Amino acid sequence: MIEIIVISMLTGFFAGFLGGLFGIGGGLIIVPVLLVLFKHQGFEQEIIMIIAVATSLASVIFTAIASSLAHHRLGTLNWDKALQMVPGIVIGVLSGAMLAELLASNWLETVYAIFLIMVGLQMAFQLEPKQGSVKKSGVLDFVASWVIGLVSSLVGIGGGSLTVPYLVSCRYPMRNAVAISSACGIPIALAGALSYLVLGWKAEGLPAWSLGYIYLPAFVGIVLLSMPAARLGAKWAYKLPAKHLKRYFSLLIFFMAAKLLFQ
């Protein structure tokens, strides 16, 4: 138990710091580390990935709230747009959680590996979303929000890597897109955590101290250090060559993806 909490705290620190430094979601770090940790602890193979995803989403709740409040104070958060996306997000998250429970653990790991490769390519080649000309549409908002919620709940992230490009294509300035994305991370994390809690309430083979599919010792350890580390990373983003470091970090992402695909 102590080993799990300590490793989770370190994971939370690095996930928060790198999230603040690069502007990426902590799930990119949290899920792979938890997967290795849970395998080492001998958790049931068939549910090991869904536990990692659920625990990651639960930890995102607090960082998403803190980030949203910071953007709100800066006056960059368009709450109306964020609220418009909530219905699609919630339905997408519920769909993704139910799909994740149906998928075998190795298939869920494959989905996550593909997502890692996409993010790694974006970081390696410094691909930034460009201002688009997509017109405002309630239907398009719902469909995009549904996809964002679905993918986010499958891979255990707050959805920023998907939400920001969509909002930029809808002609929102980057800083506003990032702010709205942070607010969208709240319903993604809340709906995801609650979905996995309910779906896993009577699941067999769960380790002790689980709340549904959420593993509480790892969740507590991650939350303890992720928020202060995120603030520290944001400060260092102005002092370190973050763009160059992203390319090196993409190599780690590709390694994690390869490990999941070819283990």
Side-chain angles (χ1 to χ4, degrees), residues 4-35 37-38 50-74 76-77 79 82-83 85-86 89-90 92-94 96-97 148-149 151-164 178-198 200 209-237:
I4 290 173
I5 293 176
V6 170
I7 293 175
S8 298
M9 289 175 68
L10 291 172
T11 302
F13 176 83
F14 284 111
F17 182 78
L18 292 174
L21 182 64
F22 296 141
I24 61 172
L28 291 175
I29 304 295
I30 294 170
V31 173
V33 173
L34 289 185
L35 193 58
L37 176 61
F38 294 163
I50 199 170
I51 297 174
V53 167
T55 305
S56 174
L57 277 173
S59 70
V60 169
I61 295 171
F62 297 91
T63 52
I65 291 173
S67 178
S68 298
L69 290 174
H71 286 295
H72 175 72
R73 286 192 291 268
L74 291 170
T76 55
L77 208 169
W79 285 104
L83 291 172
M85 298 182 70
V86 169
I89 283 173
V90 171
V93 168
L94 294 174
I148 291 166
V151 175
S152 298
S153 65
L154 281 173
V155 298
I157 62 169
S161 55
L162 302 171
T163 311
V164 171
V178 171
I180 296 168
S181 173
S182 69
C184 290
I186 298 174
I188 288 173
L190 277 173
L194 288 172
S195 297
Y196 284 118
L197 188 156
V198 173
W209 299 99
S210 293
L211 193 61
Y213 286 119
I214 301 169
Y215 187 55
L216 293 177
F219 163 72
V220 171
I222 291 166
V223 170
L224 281 175
L225 291 184
S226 61
M227 292 175 66
R231 289 192 290 269
L232 180 64
K235 290 180 180 178
W236 278 94

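Keep in mind that the numbers below use all heavy atoms, side chains included, and drop hydrogens, waters and symmetry copies. In this text, all values refer to a predicted model and were calculated from it rather than measured experimentally.
- Between Ala97 and Ser195, the closest heavy-atom pair is CB-CB, 3.6 Å.
- Applying the ring pair (Phe, Tyr, Trp, His ring centres under 6.0 Å) rule to Phe14 yields no partners; only residues at least two apart in sequence or on another chain are considered.
- Side chain of Ser68 to backbone of Ser182: a donor-acceptor contact under 3.5 angstrom is found.
- With sequence neighbours excluded, the residues that form a side-chain contact (heavy atoms from CB on, under 4.5 Å) with Thr63 are Val60, Ser226, Met227.
- To the nearest 0.5 Å, atom CD1 of residue Ile148 and atom CD1 of residue Ile157 are 9.5 Å apart.
- Here the closest non-hydrogen pair linking Ala193 and Ala58 is CB-CA, 4.0 Å.
- Of the possible donor and acceptor atoms, none in the side chain of Ser8 sits under 3.5 Å from a partner among the backbone N and O of Gly221.
- Interatomic distance, CE of Met85 versus OG1 of Thr163, reported as 5.5 Å (0.5 Å rounding).
- Summarising the geometry of Ile30 relative to Thr11, their closest heavy-atom pair is CA-CG2, 3.9 Å, with the distance given to 0.1 Å.
- For the pair Cys184 and Ile89, the tightest heavy-atom approach, listed with the atom from each and the gap, is CB-CD1, 3.7 Å.
- The minimum heavy-atom distance linking Val155 with Val31 is given by the pair O-CG2, 3.6 Å.
- Counting heavy atoms from C-beta outward, Tyr215 and Leu34 have side chains that stay 4.5 Å or more apart.
- When atom types are taken as modelled, the side chain of Thr55 and the backbone of Ile51 share a donor-acceptor pair closer than 3.5 angstrom.
- Here the straight-line distance linking atom CZ of Phe62 with atom CG of Leu224 works out to 10.0 Å at 0.5 Å rounding.
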Name the atoms and distances for all side-chain donor-acceptor pairs under 3.5 Å in residues 185-192, with sequence neighbours left out.
none

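- Rounded to the nearest 0.5 angstrom, Ser152 OG and Leu57 CG are separated by 8.0 Å.
- With sequence neighbours excluded, no residue satisfies ring pair (Phe, Tyr, Trp, His ring centres under 6.0 Å) with Tyr196.
- For Trp79, the side chain to side chain donor-acceptor pair (under 3.5 Å) partners are His72, not counting sequence neighbours.
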Please determine whether side-chain contact (heavy atoms from CB on, under 4.5 Å) holds for the pair Ile4 and Leu37, giving the CA-CA distance in whole Å, both sets of side-chain angles, and the decisive distance to 0.1 Å. CA-CA 7 Å; Ile4 290 173; Leu37 176 61; 4.1 Å; yes
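- Within the model, atoms CD1 of Ile222 and CD1 of Ile7 stand 11.5 Å from one another, a figure rounded to the nearest 0.5 Å.
- Scored by the side chain to side chain donor-acceptor pair (under 3.5 Å) test, Tyr213 finds Glu101 as partners (sequence neighbours excluded).
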What's the verdict on side-chain contact (heavy atoms from CB on, under 4.5 Å) for Leu18 and Leu28, showing C-alpha distance, side-chain angles and the deciding distance? CA-CA 10 Å; Leu18 292 174; Leu28 291 175; over 6 Å; no
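- Note that the CZ atom of Phe219 and the CH2 atom of Trp209 stand 14.5 Å from one another [nearest 0.5 Å].
- Gly27 and Ser56 get closest at one heavy-atom pair: CA-OG, 3.6 Å.
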